[in-house]
There are 2 protein chains.
Amino acid sequence: MKFLNDMALFVEVVKAKSFRGAADAIGMPNSTLSRRISALEKTLGLRLLHRTTRKITLTEAGQIYYERCKRIVDEAKLAQEQLSEMLTQPSGVLRASLPVDFTVTYMAPLIAEFAKLYPGIVFDFDLTSRWVDLVNEPFDVAIRIGKPENSQLIARPLAVLPTYLYASPRYLDRSGEPAEPADLANHECLGIMKADTWTLHDGINTTKISIGSRFTLNSVGMICRLATLDMGIIMMMEKIVADDIASGRLRRVLPQWRGAPVSACAITATRLLPAKTQHFIKFLKEHLGKV
Amino acid sequence: MKFLNDMALFVEVVKAKSFRGAADAIGMPNSTLSRRISALEKTLGLRLLHRTTRKITLTEAGQIYYERCKRIVDEAKLAQEQLSEMLTQPSGVLRASLPVDFTVTYMAPLIAEFAKLYPGIVFDFDLTSRWVDLVNEPFDVAIRIGKPENSQLIARPLAVLPTYLYASPRYLDRSGEPAEPADLANHECLGIMKADTWTLHDGINTTKISIGSRFTLNSVGMICRLATLDMGIIMMMEKIVADDIASGRLRRVLPQWRGAPVSACAITATRLLPAKTQHFIKFLKEHLGKV
DNA sequence: CATTAGATATGAAATTTTTGAATGACATGG
DNA sequence: CCATGTCATTCAAAAATTTCATATCTAATG
């Protein structure tokens with residue numbers, strides 16, 4: 001089946017009723033076209049075209065073959081169009097893996113808006129804290145906080161979110177209010193996963209402190225909850241703790257200092273994305289930046 | 001439309017559910033296959049396959065594309081089969097240009113037999129003495145006596161036919177019986193077209209004599225008729241004059257000598273012939289030799 | 001845990017394909 | 001009747017693709 005392309009060329013020649021015309025239409029030297037058709041005829045073992053120097057006419061075999069080829073080429077065009085529709089008209093199921101708390105707090109309103117914008121898209125979200133295996137699981141995209149580890153994957157930054165230190169008033173009463181970063185060494189610092197250092201910044205200086213915590217956990221919601229239960233100091237994005245701040249359950253610690261900003265990324269297995277995914281990522285990027 | 005071939009490869013990969021398997025099936029290095037599919041995906045702008053190192057699965061787009069491609073490849077195979085049927089099953093209209101008298105005398109019985117052998121073939125014969133323009137006129141084959149002049153065409157020898165000299169008894173009574181070739185100079189020698197020499201052969205010696213005739217004509221039947229009307233000596237194939245010999249209207253002249261044998265050729269515009277033409281030429285070659 | 005198999009990447013050599021100019025043929029119009 | 005422009009084909013040089021060998025990565029296997 002190495003002559004499929006030549007079939008398309010043959011169709012063009014028949015349609016143009018001339019090699020030159022077809023060559024111009026395709027944008028190909030007519031010499032190539034001539035040779036390609038000859039090759040096709042040779043592999044078929046039959047003449048398809050009667051060539052007079054001035055005109056070409058179909059042979060009996062050519063007539064039959066042309067009918068077939070036309071259908072094939074039309075089918076191919078259809079397939080092409082159908083795919084390019086996938087590529088331009090956002091529709092279908094969008095499967096995404098999302099981090100739990102970030103999604104609930106930051107992304108929920110955006111997703112709602114996006115869903116309104118593209119009624120053709122159906123959503124299948126998996127909220128999880130684990131770094132899903134995009135290669136094996138059929139996710140179109142994963143949103144993660146932090147840097148991607150696997151270099152095979154394509155990561156697009158969506159937003160950079162500043163973080164601050166928070167603790168409950170009662171914890172601070174009990175353990176004392178730290179006055180400078182170094183004081184944190186004597187505090188219970190609740191970090192996500194196994195992060196053992198915090199980087200702080202006051203606009204001029206950057207300082208790294210190593211933190212020790214009795215808790216290792218992978219849930220943002222959970223460490224916030226622990227903080228409200230007076231268990232320690234957390235480094236967190238603003239909005240996540242907005243409610244707790246408003247209600248007084250948490251309060252900013254070391255207010256001149258801020259934590260290292262974390263970045264949210266959209267991660268995909270490939271750059272060749274259907275429209276639905278492209279639009280989703282683009283939308284998030286545009287709107288998350290302003291949050 | 002430069003990716004038709006890749007579509008066929010894609011179908012193979014999906015069918016084999018593996019690059020290696022497909023590569024083996026096609027007989028192509030899997031590296032090429034891999035690159036080819038990647039290129040296809042790139043031109044489409046969409047991933048077709050989810051690759052895990054161990055397995056491949058279709059993406060949503062791949063699924064849709066595969067359905068289409070399978071149909072296209074199947075269509076192509078069908079077209080191929082249909083043509084190869086033309087190539088092997090003799091059928092259709094056989095358009096041939098034939099020389100008048102040779103066909104009536106020599107070929108008629110063969111054609112009758114051939115027609116019986118291949119009921120699927122319909123015949124469209126044009127009996128003419130002119131050398132038809134095979135390039136411009138849609139003949140599948142032309143049968144001609146003598147050597148082809150145009151080297152563009154493909155000539156296949158069918159048979160070599162000996163010729164002898166004949167004249168009517170009354171002509172010989174009137175003009176005298178030639179005893180040796182040189183005597184022909186004093187006779188009316190009726191030649192076809194503008195042949196101005198005859199080559200004679202007696203098994204040992206070859207002699208060329210130049211002939212002059214008051215007639216230039218292009219019909220074998222006509223010069224035979226002229227001969228029976230006592231107008232001169234002719235050089236002719238045996239069977240053409242068989243009836244005239246039997247009835248005594250003509251009689252052999254210089255019986256030890258024979259003319260240069262003429263060859264009958266099948267002439268086609270190309271070597272890429274449908275089965276009907278191939279079989280026709282083959283049949284003529286096999287049977288004309290025995291005549 | 002080491003091993004195997006499969007997909008992909010890479011780079012150099014080999015092969016095929018494409019190109020662009022040249023060629024030859026033919027119809028048209030002066 | 002010849003000049004001219006058009007068109008298919010041919011050919012050698014250039015470009016692209018394929019191949020082959022090699023290497024890497026990862027999942028499944030034992």
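In what follows, every chain begins at residue 1, and chains take the letters A, B, ... in the order their sequences are listed. Only heavy atoms go into these numbers, but all of them, side chains included; no hydrogens, no water, no symmetry mates.
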### Query
When the ring planes of A:F114 and A:Y118 are compared, do they come out parallel, tilted or perpendicular, using 30° and 60° as the limits?
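A:F114 and A:Y118: tilted rings.
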### Task
Please report the C-alpha distance between B:D126 and B:R95 in whole Å, then the side-chain angles of each, then the deciding distance to 0.1 Å, and finally whether the side-chain contact (heavy atoms from CB on, under 4.5 Å) criterion is met.
CA-CA 8 Å; B:D126 181 59; B:R95 290 185 192 79; over 6 Å; no
### Query
Can we say A:E12 and A:R36 salt-bridge, meaning some charged N sits less than 4.0 Å from an Asp/Glu carboxylate O?
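Salt bridge: no.
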### Query
Taking atom CG of B:L127 and atom CE of B:M107, what is their separation to the nearest 0.5 Å?
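Answer for the CG-CE pair, B:L127 versus B:M107, is 8.5 Å.
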#### Entry: D:dT10 OP1/OP2 closer than 4.0 Å to side-chain N/O of A:R35
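Indeed not, no polar side-chain atom of A:R35 lies that close.
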### Message
So, OP1 or OP2 of C:dT18: does either fall under 4.0 Å of a side-chain N or O from A:T32?
### Response
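For C:dT18, OP1/OP2 do not have a side-chain N/O of A:T32 under 4.0 Å.
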Which nucleotide wins on minimum distance to the side chain of [X], given the candidates [options]?
| X | options | answer |
| --- | --- | --- |
| B:M28 | D:dT10, C:dA7, D:dT19 | D:dT19 |
| B:S31 | C:dT17, D:dT19, D:dA8 | D:dT19 |
| B:F19 | C:dA21, D:dA21, C:dA7 | C:dA7 |
| A:R20 | C:dT17, D:dC20, D:dC7 | D:dC7 |

### Task
Could you check whether A:S18 gets within reach of a base, just the sugar-phosphate, or nothing at all, counting any heavy atom under 4.0 Å?
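Counting heavy atoms under 4.0 Å across all strands, the contact made by A:S18 is with sugar-phosphate only.
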### Message
For A:K55 and A:K2, find the nucleotide of DNA chain D closest to each by heavy atoms; which residue's nucleotide sits nearer the 5' end?
### Response
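With A:K55 and A:K2 compared, the 5'-side residue is A:K55.
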### Query
Between atom CG in B:L49 and atom P in C:dT8, what is the gap in whole Å?
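In whole Å, C:dT8 P and B:L49 CG are 8 Å from each other.
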